[in-house]
Amino acid sequence: MTDTIVAATEQPHCVFDAKDFSSGAHPVWCPGCGDYGVLAALERALARQGRPPHEVVLVSGIGCSSRLPGYMSTYGFHGVHGRALPVATGLKLTRPDLEVIAVGGDGDGYSIGGNHFIHACRRNVDMLYLVMDNRVYGMTKGQPSPTTEADWDSDIAPGGIGLRPFNPLAVAIASGANYVARGFSGDPNGLADLIVDAIRWPGFAFIEVLSPCVTFRPEQREWKKMVRPSAISVEQDRAAATALVLADDGFSMGVLYRGDRASIAPALKPEITVADVEREFMVAV
Amino acid sequence: MTRASIAVVFAGSGGSGAMTAGAVFLRAAAHAGYYGMMTQLFGAQVRGGESASLVQVSIAPIETQPDCYDLFVALDWDKVEQFAAEIPLDDRSIILADPASGPVPPGIAKSKGRVVALAMNNPDENKLERALRGKRINMFAAGCVCALTGIAESDVKAAIDTIFDGKGADLIAANAAGAALGARAAPALPLDLRLEPPRKAARWLINGNQAVAFGALRGGVRFVGCYPITPATDLVEWLAPHLIKLGGRLVLGEDELASVNMTLGASYGGTPAMTVTSGPGFSLMIETLGLAVAAEIPFVLVDVMRAGPSTGIASKTEQSDINLAVYGGHGDAPRIVLAPVSVADCVNTGEYAVYVAESLQTPVIVLSDQALGQATTVIDPSAQRPAPLARRVNGVAPGKPFKRYATGGDPVTPMPLPGTPHLEWVAEGLTHNEAGLPASGAAMHVAQIDKRAKKFSQFDPGDHWGEVWGEGDVAIIAIGSTIGPAREAANRLAAGGQKVRVIALRVLSPLPLAALTRALDGVRRIIVVEQNHGAQLYHYLLGHKAIPLSAESVARPGPAPFRPSEIASHVA
């Protein structure tokens with residue numbers, strides 16, 4: 001697959017509307033939560049992608065954003081905290097016919113699930129991982145997450161956590177992700193474009209979505225004024241892409257890196273039967 | 001005079017080839033038509049430590065380590081003494097050693113076993129030649145022991161051909177020559193160790209870990225998520241190439257959390273899936289076990305128990321994960337726990353575990369232990385297989401919302417595979433409503449717990465619940481690798497006129513109370529034997545009122561295996 005820079009795009013085989021992907025359930029999210037925009041973008045993207053809801057599985061862990069599978073009409077898996085990526089990996093490897101999308105938040109993905117994030121990038125299984133990053137644990141009412149600014153004051157870390165924020169894009173690129181992008185929940189159309197592009201790109205695609213928490217981080221309302229399209233998008237060169245995301249202020253939007261790593265190979269067709277295995281134990285007399 | 005069985009130890013320093021000597025003796029004996037069992041002892045070193053293989057060969061099936069070894073073959077004496085406590089010898093034991101290796105160390109000599117000299121090293125060779133040739137001392141020893149026991153050279157050659165298959169004709173020829181030299185040295189020894197002629201039949205040579213893995217393959221497992229951990233790693237190492245050739249997939253996770261969650265993901269997609277671990281990894285998997293219970297996702301978890309707590313002794317056995325298997329986790333999380341009753345039974349229990357998991361949409365734990373898992377045995381092929389059971393994926397009319405977790409009817413509700421139109425559902429670990437959406441009301445919480453509990457109250461394992469041997473009014477209750485020595489103890493007591501029945505539980509959870517009560521009918525004395533300090537099985541049975549307060553507990557930690565004499569002395 002090393003010669004495949006542009007993904008082979010599958011043409012839609014039926015026409016869907018964004019609302020076909022909505023379950024109609026009412027989200028638990030606060031009014032004004034960025035995650036509404038992400039939900040809308042996912043519904044639009046999947047309608048545009050053209051695969052029916054039953055061929056899509058949304059996998060998530062725990063947190064506000066991890067509630068998303070219940071709000072869509074697709075198949076879903078709402079598991080334990082931090083483990084969305086392994087679940088999605090096991091599913092996609094055994095059911096490559098399905099569109100598998102893992103979703104979650106910054107605490108779920110970068111803290112408790114951080115190890116899986118690294119190794120999912122390494123494995124490069126053909127799926128999308130979408131992280132709604134609001135730089136806070138919202139469901140537990142406002143603790144600093146791995147992406148929280150060092151000086152953000154909170155009850156649990158008065159005066160700030162004092163730690164340098166985690167850079168998920170740099171880690172993803174260094175670990176082998178094949179597609180790395182940043183989107184903004186306040187631009188659902190632009191985010192939907194990114195999602196469609198990421199789904200069609202072979203291998204492990206990672207989209208970091210800035211998704212404000214208006215309840216515990218009201219200052220994030222200002223993000224809409226800070227985001228701008230990235231001036232650069234890097235193809236293949238991981239060193240250049242890493243330099244780009246390390247130098248960036250975190251508000252450059254769009255595709256930042258696309259690689260050409262071959263995704264993990266599909267399982268083989270059976271070559272033997274269980275009876276053949278059984279014969280190996282036999283000792284002749 | 002011939003004998004029905006013999007127990008032999010090959011011991012030596014790292015590189016002496018003690019393991020290979022044992023493997024050749026066992027396989028040659030299998031070719032000759034004998035039953036057998038081999039276990040292994042290692043020093044703590046990853047490479048180059050001292051080691052010993054413990055091999056029993058018999059005209060009858062072997063399911064226990066012996067009270068005492070008949071023959072101790074020292075390939076050398078370097079640090080071998082450290083195994084003295086785990087290799088019982090007495091004054092009837094024979095110690096076969098090369099005088100050139102030095103005197104018998106005190107730890108071995110104190111057994112007062114009879115020392116018989118056998119020159120394994122050629123004194124005419126210089127030191128360099130001896131070093132180069134040194135690796136074939138083990139073959140010399142194996143060949144000699146085979147000849148002493150009456151195993152034909154053609155059977156030894158067949159064993160060497162298989163064991164060194166793919167290593168080149170030169171190596172095979174050299175090893176065969178070493179074994180032949182050993183055979184030639186046997187007649188001069190003042191020993192009669194000949195075995196009775198066996199009832200010849202084609203048999204399986206298999207260890208417990210392979211047997212569980214093979215059973216799982218038979219049951220349809222085609223995905224395994226795993227992380228390396230002793231003593232379960234050799235299970236997945238055997239499994240990996242076979243699973244791949246069968247069109248399945250084995251993924252080495254970044255940790256046990258990944259492994260078990262990958263397993264769940266594959267199972268959600270419709271592929272029967274399994275994870276394999278030992279105590280420390282099992283502890284890490286417990287949260288996801290609860291998820292599988294709540295979301296009703298089937299999978300098989302194999303725990304090859306080792307000595308704990310914490311990292312414990314990685315390479316040695318104990319039955320101390322019973323509480324974790326039966327109770328581990330938060331909330332009301334019922335699960336099936338199965339424990340194979342022998343190495344041979346590992347095949348059927350592995351297969352049955354897959355069927356139960358799939359048909360009840362629930363996790364099934366297979367509680368093996370190192371002593372079963374790493375015992376290589378010669379057994380009769382597994383004939384009677386469990387009846388297949390499948391996952392219920394169909395049987396609902398499309399409709400919105402689809403009630404994946406419908407309550408009130410059959411507690412096993414259809415679980416459509418992703419990709420099925422109009423039946424989309426979300427596997428949900430939060431307390432959920434019938435449609436699978438999160439719900440925090442009291443009524444639905446209770447209704448869903450009741451639904452899942454009902455799956456277990458309706459579960460009928462039939463004859464799989466356990467096994468009963470003997471008829472006495474004294475009963476020993478045991479699980480796993482403790483059953484073999486318990487049965488041997490009962491046989492000896494019966495020979496002395498005391499009838500003892502042995503009851504083995506294959507289904508630990510949910511406890512098959514009715515079947516166990518029937519099995520205990522007419523019993524006046526109950527002894528629960530288990531290899532852990534806290535008497536976990538005993539208290540579990542007491543808690544379910546499966547045994548009376550007068551029941552006795554024989555509970556001690558591993559890693560030393562129970563020996564028949566130890567159990568017999570408790571009963572007598």
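Values below: every heavy atom of this structure, side chains too, minus hydrogens, waters and symmetry copies. All values reported here derive from a predicted model rather than from experimental measurement. Each chain gets a letter, A, B and so on, in the order the sequences are listed, and its residues count up from 1.
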Is [X] close to chain A through its backbone or its side chain, or both, or neither, when contacts mean heavy atoms under 4.5 Å?
X        : value
B:Ala295 : neither
B:Pro438 : side chain
B:Leu252 : backbone

Q) Are B:Val251 and A:Arg123 close enough, and set up right, to give a side chain to side chain contact (heavy atoms under 4.5 Å, CB included), and what steps lead you there? A) CA-CA 10 Å; B:Val251 181; A:Arg123 268 187 204 100; 3.9 Å; yes

[X] side, atom [atom1]; [Y] side, atom [atom2] - distance, nearest 0.5 Å:
X        : Y        : atom1 : atom2 : value
A:Met282 : B:Leu205 : CE    : CG    : 11.5 Å
A:Ile272 : B:His242 : CD1   : NE2   : 6.0 Å
A:Thr89  : B:Met262 : OG1   : CE    : 5.0 Å
B:Asn261 : A:Leu91  : CG    : CG    : 12.5 Å

Q: Determine, for A:Glu278 against B:Arg218, whether the closest basic-nitrogen to carboxylate-oxygen distance falls under 4.0 angstrom.
A: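 Between B:Arg218 and A:Glu278 there is a salt bridge, with a charged N closer than 4.0 Å to a carboxylate O.
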
(Q) One thing to verify: whether A:Arg67 and B:Glu428 come together as a salt bridge, which I'm taking to mean a side-chain N less than 4.0 angstrom from a carboxylate O. (A)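 Salt bridge absent between B:Glu428 and A:Arg67.
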
Among [options], who wins on heavy-atom pairs under 4.5 Å with chain B?
options                              : result
A:Ala284, A:Ala120, A:Pro69          : A:Ala284
A:Glu271, A:Glu280, A:Arg95, A:Met72 : A:Arg95
A:Ile62, A:Thr94, A:Leu268           : A:Thr94

With heavy-atom distances below 4.5 Å as the criterion, would you say the side chains of [X] and [Y] are in contact?
X        : Y        : answer
A:Phe281 : B:Gln210 : yes
A:Ser73  : B:Glu424 : no
B:Lys245 : A:Lys269 : no
B:Arg27  : A:Val283 : yes
A:Val274 : B:Leu246 : yes

Check this for me: [X], atom [atom1], are more than 12 non-hydrogen atoms of other residues, nucleotides or ligands nearer than 6.0 Å?
X        : atom1 : result
B:Asp380 : CG    : yes
A:Arg122 : CZ    : no
A:Lys141 : NZ    : no

Most contacts with chain A, counted as non-hydrogen pairs under 4.5 angstrom, among [options]:
options                                : answer
B:Gly429, B:Ala292, B:Pro418           : B:Pro418
B:Ala435, B:Ala159, B:Ala201, B:Gly33  : B:Ala201
B:Ala258, B:Ala158, B:Pro381           : B:Ala258
B:Leu437, B:Ile379, B:Leu417, B:Thr420 : B:Thr420

What part of [X] lies closer than 4.5 angstrom to a heavy atom of chain B: side chain, backbone, both or neither?
X       : answer
A:Ala88 : neither
A:Arg83 : both
A:Ser23 : neither
A:Leu85 : neither

Q: For the residue pair A:Tyr75 and B:Trp425, categorise the inter-ring angle as parallel (less than 30°), tilted (30 to 60°) or perpendicular (more than 60°).
A: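 Rings of A:Tyr75 and B:Trp425: perpendicular, over 60°.
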
Q) Where does the angle between the aromatic ring planes of B:Tyr268 and A:Phe77 fall among parallel (under 30°), tilted (30 to 60°) and perpendicular (over 60°)? A)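 Correct class here is perpendicular.
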
Q: Before giving the answer on side chain to side chain contact (heavy atoms under 4.5 Å, CB included), spell out for A:His116 and B:Leu257 the whole-Å C-alpha distance, their side-chain angles and the decisive distance to 0.1 Å.
A: CA-CA 9 Å; A:His116 308 311; B:Leu257 308 167; 4.1 Å; yes

(Q) Using every non-hydrogen atom in the two residues, find where A:Ala267 and B:Gly247 come nearest and quote the distance to one decimal. (A)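 Minimum heavy-atom separation between A:Ala267 and B:Gly247: CB-O, 3.8 Å.
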
